[in-house]
Amino acid sequence: MYDRETRFRMEDTMNAARIEYTENGVLNMAARRCEILRISLSGAIIGILTQYKLPQQFYLDIPDARISKIGCLLMKTFANNTIEVRFLRLLSQKELDRIFVFSTHPAHRDKVLDIRSW
């Protein structure tokens, strides 16, 4: 399924995020801090602060942009503490713009949020 879907262009960003997943079945929910380095409508490159074992599926929360529970599938793990994920649903352009507004990346310095459309 993932090899046939369209690829969207990734854009650089710097957003604080949180990875949430269950440990030991459904008994214990774990949360780890991370940083979104690149993002598109269908996936992201995420930098994790320390090495830990991630499950194949987890949730991604972006608290600054008020976007919660984005279902993610782990696609690839890189040696420099970064991972590539695919979202289980496409982000809307409105959500992506909101992420860029709260980004600390210099490329998104002039982005503003239109509160009438939110």
Side-chain angles (χ1 to χ4, degrees):
M1 175 175 119
Y2 293 103
D3 58 344
R4 287 186 297 226
E5 71 182 14
T6 59
R7 299 285 176 165
F8 296 97
R9 189 174 68 82
M10 291 234 185
E11 293 187 49
D12 290 335
T13 186
M14 287 177 140
N15 290 84
R18 184 174 52 237
I19 294 174
E20 293 181 347
Y21 58 94
T22 55
E23 286 181 332
N24 303 330
V26 292
L27 299 176
N28 190 13
M29 191 73 154
R32 304 280 190 248
R33 289 184 184 179
C34 62
E35 187 170 9
I36 300 173
L37 304 175
R38 300 185 60 130
I39 194 164
S40 73
L41 293 175
S42 63
I45 303 290
I46 299 174
I48 53 179
L49 302 176
T50 59
Q51 284 189 332
Y52 49 89
K53 184 164 175 22
L54 274 176
Q56 281 297 113
Q57 293 182 355
F58 54 88
Y59 292 110
L60 181 67
D61 286 343
I62 308 169
D64 291 342
R66 294 189 183 128
I67 300 173
S68 63
K69 301 275 188 205
I70 302 170
C72 295
L73 181 69
L74 181 65
M75 297 298 285
K76 191 183 282 188
T77 303
F78 300 104
N80 59 350
N81 286 350
T82 58
I83 58 174
E84 180 181 355
V85 300
R86 300 290 287 171
F87 300 139
L88 295 179
R89 68 168 174 89
L90 290 179
L91 292 180
S92 67
Q93 189 60 46
K94 197 179 281 190
E95 288 175 320
L96 198 61
D97 290 341
R98 191 168 179 84
I99 290 169
F100 291 148
V101 165
F102 291 100
S103 173
T104 58
H105 194 275
H108 304 294
R109 185 172 303 149
D110 298 330
K111 292 267 188 179
V112 292
L113 183 64
D114 184 13
I115 59 172
R116 292 175 289 164
S117 68
W118 191 251

Return a table of donor-acceptor pairs under 3.5 angstrom between the side chains of residues 71-84 and protein atoms on other chains or two or more places apart.
| residue | atom | partner | partner atom | Å |
| --- | --- | --- | --- | --- |
| N80 | OD1 | T82 | OG1 | 2.6 |
| N81 | OD1 | Q51 | NE2 | 3.4 |

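Identified under the salt bridge (Lys or Arg N to Asp or Glu O under 4.0 Å) test for residues 40-63, with sequence neighbours left out: R18-D61.
Across all non-hydrogen atoms, the minimal contact from I62 to A16 is CG2-O, 3.9 Å. E20 and K69 get closest at one heavy-atom pair: OE1-NZ, 3.2 Å.
The hydrophobic clustering, which links ILVMFWY residues whose side-chain heavy atoms are closer than 4.5 Å, places I45 and Y59 apart. F8 and L37 are assigned to two separate hydrophobic clusters, defined by single-linkage of ILVMFWY side chains at heavy-atom distances under 4.5 Å.
Rounding to the nearest 0.5 Å gives a distance of 8.5 Å between CZ of F100 and CG of N15. Separating the CD1 atom in I99 from the NZ atom in K94 is a distance of 14.0 Å, to the nearest 0.5 Å. Between the SG atom in C34 and the CG atom in L54 there is a gap of 9.0 Å [rounded to 0.5 Å]. For the atom pair I67 CD1 and F102 CZ, the distance stands at 9.5 Å (nearest 0.5 Å).
D97 places none of its side-chain heavy atoms less than 4.5 Å from the side chain of S92. With a 4.5 Å cut-off on side-chain heavy atoms, I19 and I48 count as touching. Proximity of R66 to R98: side-chain heavy atoms (C-beta onward) are separated by under 4.5 Å at one or more points. Using a 4.5 Å heavy-atom threshold, the side chains of Y21 and R32 count as touching. Under the 4.5 Å side-chain criterion, counting only non-hydrogen atoms from C-beta, L60 is in contact with F87. Put simply, the side chain of E11 does not reach to within 4.5 Å of the side chain of H105, judged on heavy atoms. Contact check for I39 versus L96: side-chain heavy atoms found under the 4.5 Å cut-off. Looking at L91 and R89, their side chains come closer than 4.5 Å, going by heavy atoms from C-beta outward.
D64 meets the salt bridge (Lys or Arg N to Asp or Glu O under 4.0 Å) test with no other residue; sequence neighbours excluded.
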Stepwise side-chain hydrogen bond (donor to acceptor under 3.5 Å, both in side chains) check, R38 with T13: CA-CA 5 Å; R38 300 185 60 130; T13 186; over 6 Å; no

Side chain to side chain contact (heavy atoms under 4.5 Å, CB included) between F58 and V85, intermediate numbers included: CA-CA 10 Å; F58 54 88; V85 300; 3.5 Å; yes

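Judged purely by distance below 3.5 Å, without hydrogens or angles, the side chains of S40 and R9 never pair a donor atom with an acceptor atom.
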